[in-house]
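First comes the structure, then the notes that go with it.
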Amino acid sequence: MKQKIVLEKIIVELSRVIVGATFAFSGFVKAVDPLGFTYKMQDYLISLNLEGLFSIALPLAIIMVVAEFVLGVFLLLGINSKVTTRLIGLFMMFFTPLTFWIALTNPVADCGCFGDALVISNWVSFYKNIILFAGIAFLVIKWKKITPLFSAKKAIIASFFIILYGLLFSLHNTYNLPIIDFRPYKIGANIPDQMFVDPDKADIYETIFIYSKDGVEKEFSESDYPWNDSSWIFIDMETRLVKEGIKPAIEDFAIESLYLDESGEWNVGGDITDLILSDTTYTFIMVSYSLEKMSERYLPRFNDIVNYADEKGYPFYLLTASSTNSVKEWEAKHNTGVQFCHADERTLKTMIRANPGLMLIKEGTVINKWDDSKVPSPENLLIKKPDQGKGTELLISIILFFVPLLILKVSYRKK
């Protein structure tokens with residue numbers, strides 16, 4: 001009997017740690033980048049033909065990541081175990097079959113369960129949820145055996161603090177660049193390197209030739225197809241994936257120049273991706289996936305950088321996914337005189353979580369990046385260390401979370 005009790009307790013604590021840590025980690029890494037999770041949700045909405053719900057994607061994303069983080073921390077700390085285990089159980093009852101449907105239909109390449117911090121396949125996501133479902137099902141039954149880290153009174157205070165922290169942390173990363181950048185365009189990354197993958201490790205494809213003879217179709221490989229036998233009639237050719245390899249971190253990165261013709265109309269020119277990525281001087285890239293939705297509050301700061309770049313002879317590009325008509329209207333209003341370029345909207349949203357944002361690169365390496373509210377004055381552009389601000393923010397965030405809980409834990413002890 002005693003061994004059974006001990007074993008049961010071990011399973012409870014193991015399940016508590018696995019489920020709680022997974023929820024807390026998943027919520028945290030998505031709270032680091034709420035806009036990224038919003039874009040992932042929009043991908044799902046597009047696959048379901050529900051684009052009309054785009055307007056609620058961001059608030060829904062924030063609610064979900066905060067709830068996930070809070071429930072995970074609550075379970076780890078043993079706060080209100082009965083309610084917490086049941087809420088997580090409901091959470092898993094909804095998402096386990098949902099991830100099964102996603103794995104079967106594959107509406108998006110990856111589920112986005114852990115944001116950009118950890119990309120897993122849709123089937124792995126489903127198997128992960130099966131394990132979590134089993135763990136939380138056990139905890140729902142044995143919730144009384146979960147040992148709380150706080151007394152009942154302290155648990156109330158801790159609950160309010162954790163919820164407030166999760167919400168403020170998520171909002172901070174929504175209106176500022178994420179304090180941790182998990183994307184391939186992070187500071188210090190070399191974009192051309194991120195676009196390359198060893199050919200020996202890439203996807204392996206084979207070409208299949210389909211020929212017909214006497215009304216019977218047959219498939220051939222490149223090594224044995226009857227190219228010199230006129231009795232065989234060529235029908236079709238297919239390329240099939242033989243072995244899935246490693247994908248480059250950056251795919252479909254392309255920049256096309258825009259130019260103004262003699263009639264005053266903007267047109268798409270040639271591809272200048274290699275030109276920009278190989279430039280040995282400092283290159284400024286203003287990113288705005290949508291000129292129509294761009295915040296214009298801090299545009300004077302960008303104008304100062306444009307003038308600075310012009311004085312120093314540094315290239316300055318404005319990358320957008322907006323149409324040429326939108327470019328024409330926007331430039332007529334602001335008269336910046338910058339070089340406009342066109343790029344894919346998804347790429348621009350991945351490059352920087354701001355509209356507009358500013359990137360400084362050199363020979364394809366990201367030197368620094370700023371959201372519009374943080375664009376520095378020209379004299380400070382190359383002074384501040386790139387990681388200085390974000391490293392400090394992350395450290396402060398960690399301290400602000402753990403220190404209050406630690407103080408609450410050790411305070412008000414009975415004499």
Side-chain angles (χ1 to χ4, degrees), residues 39-40 43-44 46-49 99-112 116 118-127 183-185 189-259 261 267-280 319 321 323-324 341-351 363-365:
Y39 299 149
K40 179 61 66 175
D43 288 341
Y44 284 114
I46 291 173
S47 67
L48 296 171
N49 295 317
T99 52
F100 179 62
W101 171 79
I102 291 172
L104 287 175
T105 59
N106 200 39
V108 294
D110 67 271
C111 66
D116 291 310
L118 179 62
V119 178
I120 60 177
S121 69
N122 291 329
W123 278 111
V124 170
S125 176
F126 171 66
Y127 298 143
R183 289 156 293 153
Y185 299 95
N190 182 270
I191 297 176
D193 287 348
Q194 301 294 312
M195 297 169 64
F196 174 80
V197 64
D198 187 339
D200 293 334
K201 299 179 181 179
D203 290 342
I204 299 177
Y205 292 90
E206 67 173 352
T207 302
I208 301 298
F209 297 90
I210 303 174
Y211 280 79
S212 175
K213 184 177 183 180
D214 298 328
V216 179
E217 293 186 358
K218 185 178 179 180
E219 296 182 351
F220 297 89
S221 67
E222 289 182 284
S223 61
D224 64 356
Y225 71 99
W227 60 275
N228 59 349
D229 187 345
S230 59
S231 64
W232 287 94
I233 302 174
F234 174 76
I235 302 297
D236 198 4
M237 180 177 67
E238 298 178 358
T239 300
R240 297 176 183 174
L241 179 65
V242 177
K243 182 180 179 182
E244 189 171 354
I246 299 174
K247 298 285 193 300
I250 295 178
E251 298 182 274
D252 303 324
F253 180 81
I255 300 174
E256 296 175 307
S257 64
L258 298 179
Y259 69 93
D261 63 20
N267 298 276
V268 178
D271 187 298
I272 57 172
T273 307
D274 292 337
L275 174 67
I276 292 177
L277 296 181
S278 62
D279 200 318
T280 57
L319 272 58
S323 67
T324 52
C341 300
H342 187 270
D344 178 69
E345 180 176 332
R346 179 185 294 274
T347 298
L348 298 180
K349 287 179 176 180
T350 305
M351 289 174 67
E363 294 184 280
T365 297

Inset, instruction - Apply side chain to side chain contact (heavy atoms under 4.5 Å, CB included) to Ile250 and Tyr185, showing your working. - result: CA-CA 8 Å; Ile250 295 178; Tyr185 299 95; 3.2 Å; yes
Find the distance between [atom1] ([X]) and [atom2] ([Y]) and round it off to the nearest 0.5 Å.
X      : Y      : atom1 : atom2 : value
Tyr205 : Ile208 : OH    : CD1   : 14.0 Å
Asn106 : Trp101 : CG    : CH2   : 10.0 Å
Leu277 : Ile191 : CG    : CD1   : 5.5 Å
Ile235 : Ile210 : CD1   : CD1   : 8.5 Å
Met237 : Tyr211 : CE    : OH    : 9.5 Å
Ser257 : Leu319 : OG    : CG    : 11.0 Å

Min side-chain heavy-atom separation [X]-[Y] under 4.5 Å:
X      : Y      : value
Pro248 : Phe196 : no
Thr105 : Phe100 : no
Ile272 : Cys341 : yes
Glu219 : Phe209 : no

[X] (side chain) donor-acceptor with [Y] (main chain) under 3.5 angstrom:
X      : Y      : result
Arg240 : Glu206 : no
Ser125 : Ser121 : no
Asp224 : Ser221 : yes
Thr273 : Ile255 : yes
Asn122 : Thr99  : no

So, for [X] and [Y], which heavy atoms are closest and what is the spacing to 0.1 Å?
X      : Y      : answer
His342 : Ala321 : NE2-O, 3.6 Å
Phe253 : Met351 : CE1-SD, 3.9 Å
Glu256 : Gly269 : CB-O, 4.5 Å
Gly364 : Pro192 : O-CD, 3.6 Å
Ala343 : Ala254 : CB-O, 3.6 Å

Inset, instruction - Answer yes when Arg346 and Glu251 have at least one side-chain N-carboxylate O distance shorter than 4.0 Å, and no when they do not. - result: no
Decide if atom [atom1] of [X] counts as having more than 12 heavy atoms of other residues, nucleotides or ligands within a radius under 6.0 Å.
X      : atom1 : answer
Lys213 : NZ    : yes
Asp252 : CG    : no
Asp214 : CG    : no

Inset, instruction - Under the ring-ring contact (aromatic ring centres under 6.0 Å, His included) rule, collect the residues that match up with Tyr259, sequence neighbours excluded. - result: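 With neighbours one apart ignored, the set is empty.
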Inset, instruction - List in chain and number order the residues that pass side-chain hydrogen bond (donor to acceptor under 3.5 Å, both in side chains) with Thr365, two or more places apart in sequence or in another chain; answer none if no residue qualifies. - result: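 Listed in chain order: Asn190.
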Inset, instruction - Check side-chain hydrogen bond (donor to acceptor under 3.5 Å, both in side chains) between Asp279 and all other residues, then give those that pass, not counting sequence neighbours. - result: Thr281
Inset, instruction - Carefully, step by step, assess Thr324 and Asn267 under the rule side chain to side chain contact (heavy atoms under 4.5 Å, CB included). - result: CA-CA 7 Å; Thr324 52; Asn267 298 276; 5.9 Å; no
Inset, instruction - Would you please classify the geometry between the Phe220 ring and the Trp232 ring as parallel, tilted or perpendicular, with 30° and 60° separating the classes? - result: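 It falls in the perpendicular class, over 60°.
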